[in-house]
Amino acid sequence: MMWFGFCLQKFGSFSYFGGAEKKDERVLVPDLGSLTSIYDRARELFYYLKGGRVDYGERHSKTCGHSRFGRIYEQGHYPQWDEDHPIHFVGHSAGAQVVRVLQQMLADKAFEGYENTSENWVLSITALSGAFNGTTRTYLDGMLPEDGQNMKPLCLLQLCRLGVIIYDWLDIPLLKAYYNFGFDHFNLSWRKAGLWGLVDCLLGNAGPWATGDWILPDLTIQGSIKLNSNLQTFPNSFYFSYATKRTRKILGVTVPSGILGIHPMLFMRVLQMSLYRYPTDVPPPYKGYRDEDWQDNDGALNTISMTHPRLPIEHPSCSIVNDSDCQPLQPGIWYYKIVEADHIFFILNRERAGVQFDLMYDNIFERCRKHIFRKTSQTLPNEAP
């Protein structure tokens, strides 16, 4: 089983999933870039599992202005991975889209030297607050609603950009070992970029922000539509999604559903997103867009975006109230459950979610164990082949 977040080596022994990965010894938690694009993360994930040197692809690398090759995994974490040894994936937030892109790459046989890949290497995908259709949060933080690709000249994201550029340019080993944003393949370090390279990046002429090869453009509604237009829901894989919501309607107005249940860091963000109105002087992100459809949210993503892929075309889906409602689980359908929780309720802090934390993760593990075999007896992660 594969889970997404920063790995256990980051922040000491701090666990992104609040220790839920310890419920089964056959769980892997990869360390992927935190700000890199969904495409780049999907490529990194493949080589994390199979082993070898990360190959971002010649065409993509040239277009986006970074090195074609990245870090080397001397030993893959699950080298036997194939159609007879498939994996259950669990992804939080953008991690859910990373797995969908990876599954499509496997179907398209997009990894040089691996001609036998297929979508059936993925047994199931479980999304926790999955970013399937973008979020209006990106526009509030500084992405331009006109194109969903570029940033406003003055905004929170611009400040973040400057901080990340300086952090990566200084390239202090102790800090990079503590936390890495994942842009090493852009060669932003002073050792490779030099002083003029830093100036170029700060001016926006180079680096991931110049080409749009970073996470925020992928999380706008327009960026998600572009991404989704090439992604399929496959007939032999199982799909389940937990969509989170911390809003309610009072006299027809969407507002945060209380104060105590929302993390202090997210309360104002829930309020902002519930009040957000798409600018009337620019074209809507898609035909039929309505602000009221996007008001329910969890402080980071809109609830409508988390249920299942629905833009530009709606994928097969089924809403459920209890996890048991989808038994027996049918492949090729997105089963989704709307949960009263904010965006970080089921990660980071196990005590905060209490009994709901264990109930949800126990259901995920139980569901994966029920669908652990597709065809033949298989070797699982952390087991000898």
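- Under the 4.5 Å side-chain heavy-atom criterion for grouping Ile, Leu, Val, Met, Phe, Trp and Tyr, I166 is not connected to V199 through any hydrophobic cluster.
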In sequence, state the C-alpha distance, the side-chain angles, and the governing distance for H308 and Y239, and then conclude on side chain to side chain donor-acceptor pair (under 3.5 Å). CA-CA 9 Å; H308 62 286; Y239 301 92; over 6 Å; no
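- Side-chain contact, Q97 with R100: a donor N or O sits under 3.5 Å from an acceptor N or O.
- Counting only N and O atoms by type, the side chains of N297 and H343 include no donor and acceptor under 3.5 Å apart.
- Nearest heavy atoms, S305 versus A131: OG-C, 4.2 Å.
- Of the possible polar contacts, none joining the S317 side chain to the Y336 backbone as a donor-acceptor pair under 3.5 Å is found.
- Among all heavy-atom pairs drawn from S124 and C368, the shortest one is OG-SG, 4.3 Å.
- In this structure, the side chain of Y139 does not engage the main chain of T220 through any donor-acceptor pair within 3.5 Å.
- For the pair K337 (side chain) and Y242 (backbone), a donor-acceptor distance under 3.5 Å is absent.
- Contact between T211 and G65 at its shortest, heavy atoms only, is CG2-N, 4.5 Å.
- By the 30° and 60° cut-offs, the orientation of the rings of H185 relative to Y56 is parallel.
- The aromatic ring centres of Y179 and F181 sit less than 6.0 Å apart.
- In summary, R290 and D293 engage in a salt bridge, as defined by a charged side-chain N under 4.0 Å from a carboxylate O.
- In summary, R367 and D362 do not engage in a salt bridge, as defined by a charged side-chain N under 4.0 Å from a carboxylate O.
- Side-chain contact between F183 and W214 is present, with heavy atoms from C-beta onward closer than 4.5 Å.
- Side chain to side chain, T233 and W334 meet the donor-acceptor criterion of an N or O pair below 3.5 Å.
- Of all heavy-atom pairs between L301 and S129, the closest is CD1-O, 3.0 Å.
- A heavy-atom distance below 4.5 Å is found between the side chains of D40 and H60.
- Criterion: ILVMFWY side-chain heavy atoms under 4.5 Å apart, direct or through other members. Under it, I72 and Y78 are not part of a common hydrophobic cluster.
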Pair D141, K152 - check salt bridge (Lys or Arg N to Asp or Glu O under 4.0 Å), show working. CA-CA 9 Å; D141 288 341; K152 300 172 185 175; over 6 Å; no
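- Between the side chains of T117 and K109, not a single donor N or O lies within less than 3.5 Å of an accepting N or O.
- Listed for the S93 side chain is no donor-acceptor partner under 3.5 Å among the backbone atoms of G95.
- K176 and D184 are joined by a salt bridge, as a carboxylate oxygen and a charged side-chain nitrogen come within less than 4.0 angstrom of each other.
- Using a 4.0 Å cut-off between charged nitrogen and carboxylate oxygen, E340 and R248 do not count as a salt-bridge pair.
- Under a cutoff of 6.0 Å and an axis angle of 45°, R53 and Y73 do not form a cation-pi pair.
- Counting only N and O atoms by type, the side chains of Q158 and R161 include a donor and acceptor under 3.5 Å apart.
- With salt bridges taken as basic N to acidic carboxylate O contacts below 4.0 Å, none links K245 and D298.
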